[in-house]
There are 2 protein chains.
Amino acid sequence: MPKKKVSIKEIASAAGVSSALVSMVLNGKAKQYGIGEEATQRVLRIAREMNYQPNIMARGLRSGKSHLVGLVVADIANPFFAKLAREIEKQASEHGYTVIYGSSDDNSRRLNSFMQTLVNQGVDGIIAIPCEDTIKIAAELQEQKFPLVLVDRDYTDMEISSVLLDNEQAGRQITDYLITAGYRHIAFVAYSGDLSHIHGRLLGYQKAMQAHGLAEKVYRFNKDESRESIRAFLSSIRSGDETVDALIFANNTLTIEGLYMIRETCLRVPEDVALFGFDGGNAFDLFTPPVSYVRQPITEMGRQAFQLLMKQLEATEPLPAEKVVLQSSFVYTASSKSRSERK
Amino acid sequence: MPKKKVSIKEIASAAGVSSALVSMVLNGKAKQYGIGEEATQRVLRIAREMNYQPNIMARGLRSGKSHLVGLVVADIANPFFAKLAREIEKQASEHGYTVIYGSSDDNSRRLNSFMQTLVNQGVDGIIAIPCEDTIKIAAELQEQKFPLVLVDRDYTDMEISSVLLDNEQAGRQITDYLITAGYRHIAFVAYSGDLSHIHGRLLGYQKAMQAHGLAEKVYRFNKDESRESIRAFLSSIRSGDETVDALIFANNTLTIEGLYMIRETCLRVPEDVALFGFDGGNAFDLFTPPVSYVRQPITEMGRQAFQLLMKQLEATEPLPAEKVVLQSSFVYTASSKSRSERK
DNA sequence: AAGATAAGCTAAATCGTTTCAGAAGGCAAT
DNA sequence: ATTGCCTTCTGAAACGATTTAGCTTATCTT
């Protein structure tokens, strides 16, 4: 359709009016500025005929707004973030915004530099999955009242709008469930590092174990060598060196790695160990037996995140930070069948 | 760091020079314009001290370039596209570009409107996964010499730069493999619709079957009701109403759906049917038995796509379209074990 | 000493849009 | 006729960066 780029000036001269008038009409401010009915119609008609498309750069320069929002996830190839991104993109487009995205790999250097890039690119606001050292740049942005929303992970000490899962509750609930199902030697497995959501899940697990007077078994593996560590760990379960009858994997990628290693070490589920993971997905469902998991309300998280951002974008004065905490649901399958049932 | 937004003018007055000079220095064109060493250093120092960040909008308005590229995939939540997006994002950032993305759901209306949005947003170029009716807008853009690269699917009649898989070869190769492994009643299963990559895979399948004088068995299911159709289809294989001893699923989402239904109908793999899918993934590996698949060189596709786009972005004159065709590799697992082996 | 050349810098235009201050014309009231 | 007041519209500035054309000096040439 767009033959050549048509500017407001060309429309103005074609319609025999000033470019100011054209701008006003095209922005729907005809009445507000008291433009005559006849001129209004003429301009609208001509603009349509010439297929006018506003120049975003010029508009942005003038207004200081770009209608772009930045999205920084840990890894777009992780289904959890992909789904989140999908929802945010949808919300954005419904509200006239476009999304610029990038993956940080939970590397704070990359995250910082990408955030900086986004700001330079002139985005109006940012939604980010923070990682351990996001604090620095987040604090800076926050201080400048730059619209910012954090998702999935929290920094309780900072007054930044966030959308979070009630991770402690989730951790507690699945641990309680496993205990009720008759398991006593429940291990909590996570990557090492200090990500708040993992911390919350761990806390829930610990409280549940303590409440029942059971010994905590927490295993944390370095991400770089997780395969080997997990394999060794599972082997020692199989050999009986470690007394563990149930495993809680603290996030989705770790669960997947765990499944690979479980298959490799020929551990039987749930006969040798029961399983609980996070986030679900095809691999969870198609594993034999299907894997129980905590389901996060991803769509809702995306919706809320964009909502919070919009509030800030539209606010004329600085807004107080707002933290939204969502509850998870649970999918109980054969991988965590109760001990009595399976005998 | 950025206390307030600093403009080139403020630097100019702080340094006691004109804003033109500052612009030249900051763009590294000091020598080119014959700026004195002393002035150059002073400006650089002050710019650093004031933490100058160029205003992209202003620069874009002047230059007509945004250093933004648009990426339209079918669905970012599909691992294939997510990985592709990841690579493109990486390439882009290495070359000073930022990516705006969106999902089309293979819906041509959405794709068209999003492409239009991208153009309006002032992206310098677009990488897109086209769907059936992308032709219209692609042709328009092409005609205007707008930088555009299509990935994964082809429209042979259009002169548009593309990165493609040799789908016919892939289809042929896995069919040949299954035939050699002793299967004779090989079914090709795909969604209905006319997507070129599926067509290529089908063609390869057909040629292989013909070459061996075997009867083709092509099944195409409507995406909306695929679960039910596949279930019915698999049931009739199980009951013996359909004589099929091997299944080729034409893409990844369909393969996954197939796996769910295979489990549901309790078909044994490969005793009842052998399996071959596309793209791989955790679910493929963790299924029992692991599923054989065609592995696409996703990283390479992303790299090449960005490369082709860059060429167009940097070219001063219109470039001839270029089509890159990549070869796939294969992962042979228990799901397609040869008949003799498994007896 | 006059003109040429070069080095180092600046004024101003430009990109397309928005918006403010106010102009022009018509009309009514004084 | 003057003033005031609408209604409808326009000129011009502003946003920030880039670039062209050209202005000063100083130096060199003859």
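At the heavy-atom level, Lys29(B) lies under 4.0 Å from the strands shown only through sugar-phosphate atoms. Among the protein residues, Ser23(B) comes within range of the nucleic acid bases, having at least one heavy atom under 4.0 Å from a base atom.
Contact check on Asp105(B) versus Lys90(A) returns no salt bridge, with no Lys/Arg side-chain nitrogen under 4.0 Å from an Asp/Glu carboxylate oxygen. For Arg153(A) and Asp194(A), the salt-bridge test fails: no basic side-chain N is under 4.0 Å from an acidic carboxylate O.
Within the structure, every pair that satisfies the ring-ring contact (aromatic ring centres under 6.0 Å, His included) test and touches residues 95-140 of chain B, not counting sequence neighbours, is listed here: Tyr101(A)-Tyr101(B), His67(B)-Tyr97(B), His95(B)-Phe306(B).
Regarding Lys65(A), its NZ atom lies at a distance of 17 Å from the C1' atom of dG16(D), rounded to whole Å. A straight line from CZ of Arg59(B) to C1' of dC15(D) spans 15 Å, rounded to a whole angstrom. Rounded to an integer number of Å, the gap from CG of Asn55(B) to C1' of dG16(D) is 6 Å. If you measure from atom CG of Leu61(A) to atom P of dT17(C), you get 12 Å, rounded to the nearest angstrom. We find that CD1 of Ile56(B) is positioned 14 Å from P of dG16(D), with the value rounded to whole Å. As a whole-Å value, the separation of Ile8(B) CD1 from dC15(D) C1' is 14 Å. The CD atom of Gln53(A) sits 15 Å away from the C1' atom of dT17(C) (whole-angstrom rounding). To the nearest angstrom, C1' of dG16(C) lies 10 Å from CD of Glu10(A).
Distances shorter than 4.0 Å separate none of the side-chain N or O atoms of Lys5(A) from OP1 or OP2 on dG16(C).
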Atom pairs under 3.5 Å, N or O on each side, protein against nucleotides 8-12 of chain D: can you list them with distances?
from    : atom 1 : to       : atom 2 : distance (Å)
dC9(D)  : OP2    : Gly36(A) : N      : 2.5
dT10(D) : OP2    : Ser18(A) : N      : 2.9
dT10(D) : OP2    : Ser18(A) : OG     : 3.2

Can you give the donor-acceptor pairs under 3.5 Å from side chains of residues 25-39 of chain B to other protein atoms, not counting sequence neighbours?
from     : atom 1 : to       : atom 2 : distance (Å)
Asn27(B) : ND2    : Ser23(B) : O      : 3.1
Glu37(B) : OE2    : Gln41(B) : NE2    : 3.1

Can you give each donor-acceptor pair under 3.5 Å made by side-chain atoms of residues 145-152 of chain B, sequence neighbours left out, with the distance rounded to 0.1 Å?
none

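For Glu49(A), the side chain to side chain donor-acceptor pair (under 3.5 Å) partners are Arg45(A), not counting sequence neighbours. Scored by the side chain to side chain donor-acceptor pair (under 3.5 Å) test, Glu10(A) finds no partners at all (sequence neighbours excluded).
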